[in-house]
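Here is the structure we will look at, set down as structure tokens.
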Amino acid sequence: MSTLASAIESRRTFAIISHPDAGKTTLTEKLLLFGGAVQQAGAVKARGDQRRARSDWMKVEQERGISVTASVMTFEADGCTFNLLDTPGHEDFSEDTYRTLTAVDSAIMVIDAAKGIEARTLKLFEVCRLRDVPIVTFVNKMDREARDPFELMDEIEKTLALDVTPATWPIGQGRDFHGCYDLIHDELILIDRGAGNKLPEIEKCSGLDDPKIDAKLPAELVAKLREDVEMIRGLCQPFDEESYRAGHLTPIFFGSALRSFGVRELLQGLAEMAPSPRPARASTREVAPVEPKVAGFVFKIQANMDKNHRDRVAFVRLVSGEFKRGMKMKHVRSGRMLAINNPVQFMAGDRETADLAYAGDILGIPNHGTLRIGDTLTEGEDLAFLGVPSFAPEMLRRVKLDDPMKVKHLRRALEQLAEEGASQVFRRQIGGDYVVGVVGPLQFDVLKSRLSAEYGLDIEFESANFELARWVDADDKKALAEFADGNKMNLAEDHDGALVYLARNQWYLQRAKDDWPAVKFLATREQITDAGDRLTAANQTH
């Protein structure tokens with residue numbers, strides 16, 4: 001196997017999806033702990049220094065105890081290089097999560113052992129299903145009162161239409177939780193009720209009849225374990241790699257992230273089961289990871305990650321090839337060649353320069369607004385990777401600035417935040433007001449907080465008298481021009497300069513559609529770069 005093929009084969013790029021409070025951030029930190037990237041939960045080791053840095057690095061995240069941006073963390077374990085994308089758990093940030101899921105090859109679904117499948121988990125799972133993303137399930141909080149494991153498996157099977165197969169099986173629950181039995185490796189894993197970060201005790205067993213099990217566990221739990229496992233092996237199909245990688249089957253691990261229990265087995269399972277980087281679909285062809293030339297796409301923009309520098313980092317998923325620092329890459333949308341001299345890789349809140357990276361890796365490329373979400377970078381070929389959309393917002397508010405002398409400053413700040421993709425910013429053609437569109441109300445709080453903390457701007461959000469926004473386009477450009485002339489009061493431009501129709505409600509939107517049948521009103525807009533005319537094209541109507 002070539003060096004390139006070997007490096008790509010060892011990559012595992014995955015996301016963690018869950019309902020808020022299921023323990024996703026805790027699991028993220030413990031995966032880093034077991035991967036050697038951190039020395040204690042919440043602390044990141046970078047360049048030999050131990051620095052306090054949470055995966056939830058934004059101030060509003062630390063105050064509310066939630067994740068609202070997608071963090072990227074790279075670490076090595078079990079002979080693999082893991083790229084972990086920690087997605088927002090809150091539903092108001094679904095657009096950022098959706099785009100993040102376009103950049104992964106597999107996912108871990110975290111489920112609360114007491115609550116089972118929750119609404120947010122279901123929505124995120126449906127996004128994964130659209131892309132046939134393979135999913136490993138981690139049933140968390142087994143050290144608390146939990147539902148019966150067979151009941152949880154049945155719910156996963158029925159609610160998600162997934163085949164299930166346990167990789168580990170819990171021994172007791174709540175106060176009586178003693179550990180798990182590893183069904184794949186025939187190992188007894190016992191929980192340590194002392195320090196949360198202490199590695200669990202593992203007893204190698206020669207099957208369930210091994211007398212070591214009787215010596216280590218109460219008789220009633222041993223009897224139940226043997227009965228349960230006999231039932232599992234009769235009812236559940238064994239793990240099938242092909243079915244899992246096609247998105248039809250999920251292996252299930254049980255544990256407690258808070259107690260660091262079951263995390264090592266989960267990580268080992270990812271190394272053994274999860275796919276290496278997969279091919280990606282572009283506008284003209286499919287691109288294979290082992291192709292020698294580098295290609296990648298921008299799936300996220302984050303501004304001001306370093307408060308001391310007004311930086312903007314584009315997160316790029318490498319789709320193919322071997323990247324070397326200093327390479328010149330073609331920015332397909334503009335046709336320009338860019339020298340990538342300071343690429344970075346991430347360890348939670350910290351970063352270090354990336355001299356070498358391969359297909360499957362996530363690179364951070366500092367830039368000053370050149371790169372945008374959906375952009376493609378190649379070594380020269382005119383490619384456009386598909387599947388990185390923008391969604392029409394569900395809530396609209398007008399921005400009221402306390403200090404009118406800072407209007408230009410506000411415009412720059414709103415445009416920068418819009419380029420991150422967490423919100424849409426529309427400037428009305430009549431009056432020049434700024435209207436901000438988001439998926440959920442929490443985003444308004446985050447925007448207000450960031451405008452104050454990062455840009456020194458104090459603003460309020462007011463009613464915009466509009467409920468809906470749709471991008472407009474038409475094959476007949478004359479019809480589009482006539483529509484624009486007759487609807488100036490309802491038209492605005494987004495941060496890309498694309499034309500947007502603002503409707504007071506659904507009735508007015510439907511009337512506009514009826515009155516202007518040649519005009520398309522788009523709820524989803526995908527940035528693709530056409531080699532011929534390099535125009536932004538909308539690919540989906542609503």
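- Across Val319, Ile365, Val332, a single residue satisfies side chain to side chain contact (heavy atoms under 4.5 Å, CB included) together with Leu377, and that is Ile365.
- For the atom pair NZ (Lys293) and CE (Met329), the distance works out to 11.0 Å, reported to the nearest 0.5 Å.
- Under the rule for a ring-ring contact (aromatic ring centres under 6.0 Å, His included), the partners of Phe444 that lie at least two apart in sequence or sit in another chain are Phe461.
- Closest approach of Gly364 and Val313 over heavy atoms only: CA-CG1, 3.6 Å.
- Looking only at side-chain heavy atoms (C-beta outward), Leu363 and Ile340 stay at 4.5 Å or farther from each other.
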>> side-chain contact (heavy atoms from CB on, under 4.5 Å) for Val438 and Val436? Distances and angles first, verdict last.
In response: CA-CA 7 Å; Val438 300; Val436 171; 4.1 Å; yes
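- In Glu242, the CD atom is not crowded: 12 or fewer heavy atoms of neighbouring residues, nucleotides or ligands sit closer than 6.0 Å.
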> Would Tyr244 and Val136 satisfy side-chain contact (heavy atoms from CB on, under 4.5 Å), going step by step from the backbone distance to the final call?
Replying inline: CA-CA 9 Å; Tyr244 156 67; Val136 169; 3.6 Å; yes
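- Between the side chain of Ser106 and the backbone N or O of Phe14 there is no donor-acceptor pair closer than 3.5 Å.
- A distance-only check finds no donor-acceptor pair linking the side chain of Asp78 to the backbone of Cys80 [under 3.5 Å].
- In this structure Asp355 satisfies the salt bridge (charged side-chain N to carboxylate O under 4.0 Å, His left out) test together with Arg325, sequence neighbours excluded.
- Ion pairing between a basic and an acidic side chain is recognised when a charged N comes within 4.0 Å of a carboxylate O; Lys400 and Glu460 show no such pairing.
- Here Glu415 pairs with nothing under the side-chain hydrogen bond (donor to acceptor under 3.5 Å, both in side chains) rule; sequence neighbours left out.
- Between the side chain of Asp485 and the main chain of Glu482, no donor-acceptor pair closer than 3.5 Å is present.
- When all heavy atoms are compared, the tightest approach of Ala523 to Trp471 is O-CZ3, 3.8 Å.
- Residue Arg281 qualifies as open at atom CZ: its count of foreign heavy atoms under 6.0 Å is 12 or below.
- Minimum heavy-atom separation, Ser334 to His331: OG-ND1, 2.8 Å.
- Test Arg412, Gln416, His409 against Tyr455 for side-chain hydrogen bond (donor to acceptor under 3.5 Å, both in side chains) and you get one pass: Gln416.
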Show the atom names and distances, to 0.1 Å, of all donor-acceptor pairs under 3.5 Å that link a side chain in residues 271-279 to residues at least two apart or in another chain.
unit_1	atom_1	unit_2	atom_2	d
Glu272	OE2	His185	NE2	3.2
Glu272	OE2	Gln268	NE2	3.3
Arg278	NH1	Asp132	O	3.3

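- Between the CZ atom in Phe138 and the CG atom in Leu270 there is a gap of 11.0 Å [rounded to 0.5 Å].
- Under the rule for a salt bridge (charged side-chain N to carboxylate O under 4.0 Å, His left out), Glu394 has no partner lying at least two apart in sequence or in another chain.
- Comment: Asp105 engages Arg317 in a salt bridge, judged by a side-chain N to carboxylate O separation of less than 4.0 angstrom.
- Ring pair Phe82/Phe75 is parallel by interplanar angle, where below 30° counts as parallel and above 60° as perpendicular.
- Of all heavy-atom pairs between Leu267 and Ala77, the closest is CD2-CB, 3.8 Å.
- Side-chain atoms of Arg11 come within 3.5 Å of backbone N or O of Ala7 as a donor-acceptor pair.
- Residues that satisfy the salt bridge (charged side-chain N to carboxylate O under 4.0 Å, His left out) test with Lys408, not counting sequence neighbours, are absent from this structure.
- Checked options Ile17, Ile16, Ile108; the residue passing with Lys24 is Ile16 (criterion: side chain to side chain contact (heavy atoms under 4.5 Å, CB included)).
- Within the 3.5 Å criterion, the main-chain N or O of Thr376 finds no donor-acceptor partner in the side chain of Arg333.
- Lys30 places a side-chain N or O within 3.5 Å of a backbone atom of Ala257 that can act as its donor or acceptor partner.
- Rounded to the nearest 0.5 angstrom, Leu386 CG and Thr102 OG1 are separated by 11.0 Å.
- Looking at residues two or more places apart in sequence or on another chain, you find no side-chain hydrogen bond (donor to acceptor under 3.5 Å, both in side chains) involving Glu493.
- Residues meeting the side-chain hydrogen bond (donor to acceptor under 3.5 Å, both in side chains) test with Thr13, sequence neighbours left out: Asn83.
- By the 6.0 Å contact criterion, CG on Asp402 is enclosed, its count of non-hydrogen atoms from other residues, nucleotides or ligands being greater than 12.
- The two residues Leu124 and Ser18 come nearest to each other via the heavy atoms CD1-O, 3.6 Å.
- Rounded to the nearest 0.5 angstrom, Asp382 CG and Thr284 OG1 are separated by 8.5 Å.
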> Is there a side-chain contact (heavy atoms from CB on, under 4.5 Å) between Glu352 and Val344 once you walk through the steps?
Replying inline: CA-CA 5 Å; Glu352 39 184 71; Val344 292; over 6 Å; no
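- In this view, Glu241 and Phe239, Arg245 satisfy the side chain to side chain contact (heavy atoms under 4.5 Å, CB included) rule, not counting sequence neighbours.
- Annotation: salt bridge (charged side-chain N to carboxylate O under 4.0 Å, His left out) contacts of Arg12 (sequence neighbours excluded): none.
- Judged by distance alone, with hydrogens and angles left aside, the side-chain atoms of Ser10 form no donor-acceptor pair with the main-chain N or O of Thr81 at under 3.5 Å.
- The distance from atom CD of Gln429 to atom CG of Asn490, rounded to the nearest 0.5 Å, is 10.5 Å.
- For Thr250 (side chain) and Thr137 (main-chain N/O), a donor-acceptor pair under 3.5 Å exists by modelled atom type.
- Note: Leu447 CG to Ile459 CD1 = 7.5 Å, rounded to the nearest 0.5 Å.
- Enclosure of atom NZ in Lys477 by more than 12 non-hydrogen atoms of other residues, nucleotides or ligands within 6.0 angstrom is indicated.
- Annotation: side chain to side chain contact (heavy atoms under 4.5 Å, CB included) contacts of Ala484 (sequence neighbours excluded): Leu491, Leu499.
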> Would Val287 and Phe385 satisfy side-chain contact (heavy atoms from CB on, under 4.5 Å), going step by step from the backbone distance to the final call?
Replying inline: CA-CA 9 Å; Val287 179; Phe385 289 107; 3.7 Å; yes
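- Between Phe483 and Trp516, the ring planes are perpendicular. Angles over 60° get that label, and only those under 30° would be called parallel.
- With sequence neighbours left out, the side-chain hydrogen bond (donor to acceptor under 3.5 Å, both in side chains) criterion links Glu291 to Arg285.
- Looking at every heavy atom in both residues, Gly432 comes nearest to Arg427 through O-NE, 3.5 Å.
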